[in-house]
Number of protein chains: 2
Amino acid sequence: MATTETEFLRDYDPAKFERPSVTVDLVLMTVSGRTLRALTIHRDSHPAAGKWALPGAFVGIDESLDAAAKRILKDRAHIASAYLEQLYTFGDVHRDPRMRIITVVYFALLPEARFENLRTQSADRCLAKIEVDGTADRIKLFDGDGAALKVAFDHADILALAVERLRGKLDYSDIAFALLPTEFTLRQLQEVHEAIRGTQLNKPAFRRRMLDKKILKATGRFESGAAFRPAELYTFVPEKNR
Amino acid sequence: MATTETEFLRDYDPAKFERPSVTVDLVLMTVSGRTLRALTIHRDSHPAAGKWALPGAFVGIDESLDAAAKRILKDRAHIASAYLEQLYTFGDVHRDPRMRIITVVYFALLPEARFENLRTQSADRCLAKIEVDGTADRIKLFDGDGAALKVAFDHADILALAVERLRGKLDYSDIAFALLPTEFTLRQLQEVHEAIRGTQLNKPAFRRRMLDKKILKATGRFESGAAFRPAELYTFVPEKNR
DNA sequence: CGAATAGTGTCTGTTAGACACTATTAA
DNA sequence: TTAATAGTGTCTAACAGACACTATTCG
């Protein structure tokens, strides 16, 4: 194998070479009604001042990537637990203008109600509405008033990939249930699917498909406060309990 | 936001904190007949001496992750180009006993014939046969003589995840064609699918499904050297040419 | 001609979309 | 009663597995 001396040294003793910094960034997503939302934080200082960024932090030397993601969830979003999954690692050389930063991105899913604890009202953080441009390789963010938000760094690419991943996993995984409370109606489940896919679904076909999977258990209880006929509440049955 | 002083400093000036090393590792896969194979390299020195590991290298400070993957492909496997895709990032604290190393894993797919250039005969590298234990969360490696190979570090987990990813993408992506030469028979295509899935497929149903997708073009040419009736050769038509 | 594989036609069961229908609740 | 949504029954088209069949090539 022909390796140059530089390569040999780098492989032999990497401590002699400058190391990139490593961060974990979090795409914290939820569904409200038929819209997909993600937590973004306003940047007050340069670089990318005035733009909105995903929460993140540097990875500790004695901290696994999963642990770093949990820490960010807790410290930056004040959320004790959520469905967490690694999404992708972004490592372009100039993705951050300050220095070389490689970021391992996780996404976290949780039901809308779990955001109560979070001060989304405070001006510097926002559960931004995600709008997908057609074929899903481009997204736009909007705040509660419908104003477009500028996205910092490569975080728009990250959000687009997160939506793509959700779409891909929707049919064969349990991610939809991570976005719903313990008890939910079939209409709520359908709304989650529609929010992620960005299209409408046929009601009878959707109900049949979900019920045929045998992953739902009817509780016998019904939603309350509905203007009209209340729907039955279901719970999700994880595979291990089937 | 309540952050400790340590956290504040780490976020403010990460240069003051020790950084993990970052490597890129490569799962270089191919299919021969109905078996899935991956390139592994014998470790002569500690740690994990005598075990087999995936090719990898540290990421340069001015090198993107994709570029690092291409460099490893070229320098470590002497292969000019291949289908490359990021798989996952492994970052457990003690995954390497020497020091904290986070590794971004890519997989590379190429047809068996493209391995001609590579000296697989040399004793320190091996196109190991991958055998999947039942539900695909555990794998075993074997050399050409059928002897079991011990796998270094967490590389068995990495290989298992690579197989899982291939299985997940088989039906909706074009990965199978990255494992075949430009012209191939429908039987060869079916063998690739069977190698990845680990199950047999029904021939007429498979042919119909493939031809109905309109992603194959019949060349009018036929394989040669076959013992019996030669099959027609097809080429893959990428989406942009349809 | 015989062996072996290439390639086809057809039956059947499953599933998804479409759509019309009944059921139940609050006002 | 009315408005609005919950939930069901049924028709149809698409598709996959199974299996038997014909076709073609080499020796």
Side-chain angles (χ1 to χ4, degrees), chain A residues 31-34 167-173 176-177 180-237, chain B residues 31-34 167-173 176 180-181 183-237:
Chain A
V31 168
S32 66
R34 279 191 176 80
R167 288 186 178 180
K169 298 197 73 166
L170 187 57
D171 282 330
Y172 74 91
S173 77
F177 304 106
L180 287 167
T182 313
E183 302 198 343
F184 51 86
T185 66
L186 287 172
R187 173 180 39 76
Q188 288 178 301
L189 180 58
Q190 184 171 343
E191 279 174 355
V192 166
H193 277 248
E194 289 175 342
I196 292 174
R197 296 172 41 121
T199 62
Q200 297 277 107
L201 286 165
N202 182 272
K203 183 176 68 164
F206 181 79
R207 297 176 68 91
R208 218 184 334 164
R209 188 155 53 94
M210 289 302 137
L211 294 172
D212 285 355
K213 282 186 180 175
K214 314 264 184 212
I215 57 175
L216 296 180
K217 185 159 148 275
T219 62
R221 287 184 290 282
F222 291 79
E223 63 180 339
S224 59
F228 300 101
R229 175 178 175 180
E232 185 163 13
L233 293 166
Y234 287 80
T235 54
F236 167 61
V237 184
Chain B
V31 168
S32 67
R34 280 191 177 80
R167 288 186 177 179
K169 296 196 76 165
L170 186 58
D171 282 330
Y172 74 92
S173 77
L180 287 167
E183 300 197 344
F184 51 87
T185 67
L186 287 174
R187 173 181 39 75
Q188 288 178 301
L189 181 58
Q190 184 172 344
E191 278 173 357
V192 166
H193 278 248
E194 289 175 341
I196 293 174
R197 296 173 40 123
T199 63
Q200 298 277 106
L201 285 165
N202 181 272
K203 183 175 70 163
F206 181 79
R207 297 177 68 90
R208 220 183 332 164
R209 189 154 54 91
M210 288 302 137
L211 295 170
D212 285 355
K213 281 187 182 177
K214 314 266 184 209
I215 57 174
L216 296 180
K217 187 158 147 274
T219 62
R221 287 183 289 281
F222 289 80
E223 64 180 339
S224 60
F228 300 101
R229 174 177 175 181
E232 184 163 14
L233 294 166
Y234 287 79
T235 54
F236 168 62
V237 184

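Computed over heavy atoms, backbone and side chain alike; hydrogens, waters and symmetry mates excluded. Lettering of chains follows the sequences in order, A, B, ..., and the numbering in each one begins at 1.
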Quiz item: Is a donor on one side and an acceptor on the other found under 3.5 Å between the side chain of A/Arg197 and the backbone of A/Arg167?
Solution: no

Quiz item: How long is the line joining CG of A/Leu216 and C1' of D/dG7, in whole Å?
Solution: 15 Å

Quiz item: Over how many whole Å does the gap from B/Arg221 atom CZ to C/dA6 atom C1' extend?
Solution: 18 Å

Self-check item: Whole angstrom value for the distance that separates P of C/dT5 from CD of B/Gln188
Solution: 15 Å

Self-check item: B/Lys214 atom NZ: more than 12 heavy-atom contacts under 6.0 Å
Solution: no

Exercise. Would you please test A/Leu189 and A/Phe236 for side-chain contact (heavy atoms from CB on, under 4.5 Å) and show each step?
Key: CA-CA 11 Å; A/Leu189 180 58; A/Phe236 167 61; over 6 Å; no

Quiz item: Contacts to DNA chain C from residues 195-211 of chain A, heavy-atom cutoff under 4.0 Å, which residues?
Solution: A/Asn202, A/Pro204, A/Ala205, A/Arg208, A/Arg209

Quiz item: C/dA6, D/dG7, D/dT5: which one has an atom nearest the side-chain heavy atoms of A/Phe222?
Solution: D/dG7

Quiz item: How long is the line joining NZ of B/Lys213 and C1' of D/dC15, in whole Å?
Solution: 13 Å

Quiz prompt | CG-CE distance between B/Leu186 and B/Met210, expressed to the nearest 0.5 angstrom | solution = 9.0 Å

Please table the atom pairs, donor to acceptor, closer than 3.5 Å between any side-chain atom in residues 215-226 of chain A and protein atoms at least two apart or in another chain.
unit_1	atom_1	unit_2	atom_2	d
A/Thr219	OG1	A/Arg221	N	3.0
A/Thr219	OG1	A/Leu233	O	2.7
A/Arg221	NE	A/Glu183	OE1	3.4
A/Arg221	NE	A/Glu183	OE2	3.3
A/Arg221	NH2	A/Glu183	OE2	2.3
A/Glu223	OE1	A/Arg187	NH2	3.1
A/Glu223	OE2	A/Arg187	NH2	3.2
A/Glu223	OE2	A/Ala231	N	3.0

Quiz item: What integer distance in Å separates A/Asp212:CG from D/dT8:P?
Solution: 12 Å

Quiz item: Roughly how far, to the nearest 0.5 Å, is CZ of A/Arg208 from NZ of A/Lys203?
Solution: 13.0 Å

Self-check item: Intermediate values then yes/no, side-chain contact (heavy atoms from CB on, under 4.5 Å), A/Tyr234 and A/Leu211
Solution: CA-CA 10 Å; A/Tyr234 287 80; A/Leu211 294 172; 3.9 Å; yes

Quiz item: With respect to A/Arg34, which candidate in A/His193, A/Glu194, A/Gln190 satisfies the side chain to side chain donor-acceptor pair (under 3.5 Å) definition?
Solution: A/Glu194

Exercise. To the nearest Å, give me how far apart CD (A/Glu232) and C1' (D/dA6) are.
Key: 10 Å

Under 3.5 Å, which protein N or O atoms sit close to an N or O of nucleotides 25-27 of chain C? Give each pair with its distance.
unit_1	atom_1	unit_2	atom_2	d
C/dA26	O4'	A/Ala227	O	2.9

Quiz item: Could you give the CG-to-P distance, from B/Leu233 to C/dT5, as a whole number of Å?
Solution: 18 Å

Exercise. Taking the side chain as every heavy atom from C-beta outward, state whether B/Lys169 and B/Ile196 have any pair of such atoms under 4.5 Å apart.
Key: no

Practice problem: Take atom CD of B/Glu223 and atom P of C/dA6, then tell me their distance rounded to the nearest Å. | Solution: 7 Å

